[in-house]
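Each chain gets a letter, A, B and so on, in the order the sequences are listed, and its residues count up from 1.
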Number of protein chains: 2
Amino acid sequence: MLSKKTKYGIKALTYLARRENNEPVQIAEIAKSEHISIKFLESILLLLRNSGFLGAKKGKGGGYYLIKDPKDISMAKVYRILEGPIALLPCASHNFYEKCDDCDDESTCAARRLMTEVRDNTLKILESNSLADIAF
Amino acid sequence: MLSKKTKYGIKALTYLARRENNEPVQIAEIAKSEHISIKFLESILLLLRNSGFLGAKKGKGGGYYLIKDPKDISMAKVYRILEGPIALLPCASHNFYEKCDDCDDESTCAARRLMTEVRDNTLKILESNSLADIAF
DNA sequence: TTAAACTATACTAATTTAGTAGAATATAGT
DNA sequence: ACTATATTCTACTAAATTAGTATAGTTTAA
C-alpha cells in the first residue's frame, strides 16, 4: 500500500498540473481543495521542491509551481522520490538493490523471481505514464 | 515493499513444494534452511494452515505439509493472505475496497487512475503464477 | 508415558507514519 | 522602511505496524 505521503504528493502535483496558468499556488489552497493537513502537505511539497519537481516563491503572492511540463514528469521518478523503491523486495530492485540476509542463493529464490516480474511490469507502467497522462 | 512475513511465507511454501514427497516437515527444518526465526515462522505457518494452504500433523514425526498440488496454488491468493490487498490504494482494490476520506470525486482522481492500472497488471501476474511456476 | 511437535496468548523493542508546534526567513506591496 | 503574507526549517510526538520473544499449554506417535 502507498503511504499517504505518496498519495497526497501525487494529488498535489495533479492539482498544479490542472491549473490553467503556472502561477504560484499557496499550500493552503491545495490543502483545502484536496483535504490534506496543511502542515503535512507542507513537508511533502518541500520534498518535491528539493527533488526538482516544484519551484517555490516566497512572500506575498508566493506559493509552489511546476518547474517542468507535466508531459515531462515521469511518474516512476515521482514514485521513487515519494514512496521509495518500486520493487517489492530489495533484492528485486535496480535503484535500491540490497541482498537479503536470509538468502543463500538468489538465483533459486522463488520470491525474488516472482517479485522481479511484478517489478518489471510496474516499472513499465510508471515509466510510460507522465503527470500529464494521469491528470487529464 | 513486502513484509518479511510475506517473504518468509513464500519461501516456506516453496521449500515444501520442492520436497520430493509430501510428508510433514518440521518447522525447525524450514527455519534452519531458510534462516528464519523459528517462532516467527511458526506464526506464519499457522496462518497458512488456517487459510487452507497447509496441513499440520501433531506429535512425533509431525510437521507441516502442502494440502494442494503446487500447480493449483495461486500466488495471488497467497499474497492476499500474507500481505493483504494487491492494490496500492484502498480505492483501487477489488477485494479490500474502501473509499478515500479525502477524495471528492473518485472518477477524476489521478492517483487512483494510475494505481488501478498498476493493480490490474500486478494481479494478472500473480494470478498467472502458481506455486509450481515459481518453485521450479 | 514421554518426548516431539503444534497451538495459543501476551508482551515488547524498533521503526514508520502522519502528523503538530513554533520560530526563522524571504518578499510584494504600501 | 514597514508589514502582512507565505515559505522554510527544526524539533517533537502519538499511534500503528513490524518483527520478533517468552511462556504456557495441548496433542499424539512411538
Can you give me every donor-acceptor pair (side chain of residues 43-59 of chain A, partner residue at least two apart or in another chain, under 3.5 Å) with its distance?
| residue | atom | partner | partner atom | Å |
| --- | --- | --- | --- | --- |
| A:S43 | OG | A:F40 | O | 2.8 |
| A:N50 | ND2 | A:L46 | O | 3.4 |
| A:S51 | OG | A:L47 | O | 2.7 |

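Counted by atom type alone, A:E29 and A:Y15 present one or more donor-acceptor pairs between their side chains at under 3.5 Å.
Identified under the salt bridge (Lys or Arg N to Asp or Glu O under 4.0 Å) test for residues 92-106 of chain B, with sequence neighbours left out: A:K7-B:D102, A:K11-B:D102, B:E106-B:R112. Listed by first and then second residue, the side chain to side chain donor-acceptor pair (under 3.5 Å) pairs involving residues 77-92 of chain A are A:S3-A:E83, A:T6-A:E83 (not counting sequence neighbours).
Across D:dG20, C:dC6, D:dT7, the shortest atom-to-atom separation from the side chain of B:K4 is found for D:dG20. In the set D:dC9, C:dG19, C:dA5, the nucleotide with an atom closest to the side chain of A:Y8 is C:dG19. Side-chain proximity of A:S3 to the nucleotides C:dA18, D:dG20, C:dC6 is greatest for C:dA18.
Rounded to whole Å, atom P of C:dT12 lies 19 Å from atom CZ of B:F40. Atom CG of A:L54 and atom P of D:dT7 are 12 Å apart (whole Å). Note: CG (A:L41) to P (C:dT17) measures 17 Å, nearest angstrom. Computed from coordinates, the A:H35 NE2 to C:dG19 C1' distance equals 18 Å when rounded to whole Å. Going from atom CD of A:E23 over to atom P of D:dA6 covers 14 Å, rounded to whole Å. The interatomic distance linking A:L45 (CG) with D:dT7 (C1') rounds to 10 Å, in whole Å. One interatomic measurement links the two molecules: CD1 of B:I44 to C1' of D:dT18, which rounds to 11 Å at whole-angstrom precision. In this structure, CD1 of A:I38 is placed 19 Å from P of D:dC9, rounded to the nearest angstrom.
Hydrophobic cluster membership is shared by B:L123 and B:I73, with clusters built from Ile, Leu, Val, Met, Phe, Trp and Tyr side chains linked at under 4.5 angstrom. Hydrophobic clustering (ILVMFWY, side-chain heavy atoms < 4.5 Å, transitive): B:I36 and B:I81 are in one cluster.
Within the 4.0 angstrom heavy-atom criterion, only backbone atoms of the sugar-phosphate kind lie near B:I27; the bases stay farther away.
Note on A:S37: every side-chain N or O is 4.0 Å or more away from OP1 and OP2 of C:dA18. Between B:Y65 and the phosphate of C:dA5, there is no side-chain N or O to OP1/OP2 separation shorter than 4.0 Å.
If B:R49 and A:L2 are placed on DNA chain C by their nearest nucleotide, the residue sitting closer to the 5' end is B:R49. For the pair B:K5 and A:A28, both in contact range of DNA chain D, the more 5′-proximal nearest nucleotide belongs to A:A28.
Judged by distance alone, the side chain of A:N95 and the main-chain N or O of A:P85 form no donor-acceptor pair under 3.5 Å. Using a distance-only test at 3.5 Å, with no hydrogens or angles considered, no donor-acceptor pair links the side chain of A:S93 to the main chain of A:P90. Not one N or O on the side chain of A:R119 forms a donor-acceptor pair closer than 3.5 Å with the backbone of A:L88.
In this view, B:N121 satisfies the side chain to side chain donor-acceptor pair (under 3.5 Å) rule with no residue, not counting sequence neighbours.
Taken over five-pair windows at either terminus, the axes of the helix from C:dT1-D:dA30 to C:dT30-D:dA1 are inclined to one another by 10° (rounded to 10 degrees).
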Summarise how protein sits on nucleotides 23-30 of chain C as a single string, 5' to 3': B when a protein heavy atom is under 4.0 Å from the base, S for sugar-phosphate-only contact, - for no contact. ---BBS--

